[in-house]
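In this chain, residues are counted from 1 in sequence order. Everything numeric in this text was worked out from a predicted model, so none of it was measured. Because only heavy atoms are used, hydrogens play no part in the values below, and waters and symmetry mates are left out as well, while side chains stay in.
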Amino acid sequence: MSRYTSFEEMLDAAGPANVNPDSPREQQLANIRRIYGPEKEGLGVLAIEIELLQPATA
């Protein structure tokens, strides 16, 4: 888990392609801010990395 002061700082540190490889940085920032307004961003930003350790089996 990593802590940041803003969504921009989080995207710059993580790299937009690592957050969402199908969306450019500015679109990701707009999407995140549409969900979490400035009052939420002002509380700080947490980023949690999730890694698949092994594929699911049927």
same_hphob_cluster(L46, Y36) at 4.5 Å side-chain heavy-atom cutoff: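 No, no single cluster joins them.
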Linked, directly or transitively: I32 and I35 (ILVMFWY side chains, under 4.5 Å):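 The answer is yes; both residues are in one hydrophobic cluster.
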side-chain contact (heavy atoms from CB on, under 4.5 Å) assessment of M10 paired with V19: CA-CA 9 Å; M10 184 266 305; V19 177; 4.2 Å; yes
E41 (side chain) donor-acceptor with R33 (main chain) under 3.5 angstrom: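 Side chain of E41 to backbone of R33: no pair is present.
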Qualifying residues under side-chain hydrogen bond (donor to acceptor under 3.5 Å, both in side chains), relative to T5, sequence neighbours excluded: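 Counting only residues at least two positions away or on another chain, T5 forms a side-chain hydrogen bond (donor to acceptor under 3.5 Å, both in side chains) with E9.
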Set of side-chain hydrogen bond (donor to acceptor under 3.5 Å, both in side chains) partners for Q28, sequence neighbours left out: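 So Q28 forms no side-chain hydrogen bond (donor to acceptor under 3.5 Å, both in side chains) with any residue.
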Heavy-atom side-chain proximity of D12 to R25 below 4.5 angstrom: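 A side-chain contact exists here, since the closest heavy-atom pair is under 4.5 Å.
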E39 atom CD, over 12 foreign heavy atoms within 6.0 Å: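 Enclosed.
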Flag if over 12 foreign heavy atoms under 6.0 Å of CD1, I50: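 Not buried by this count: 12 neighbours or fewer within 6.0 Å.
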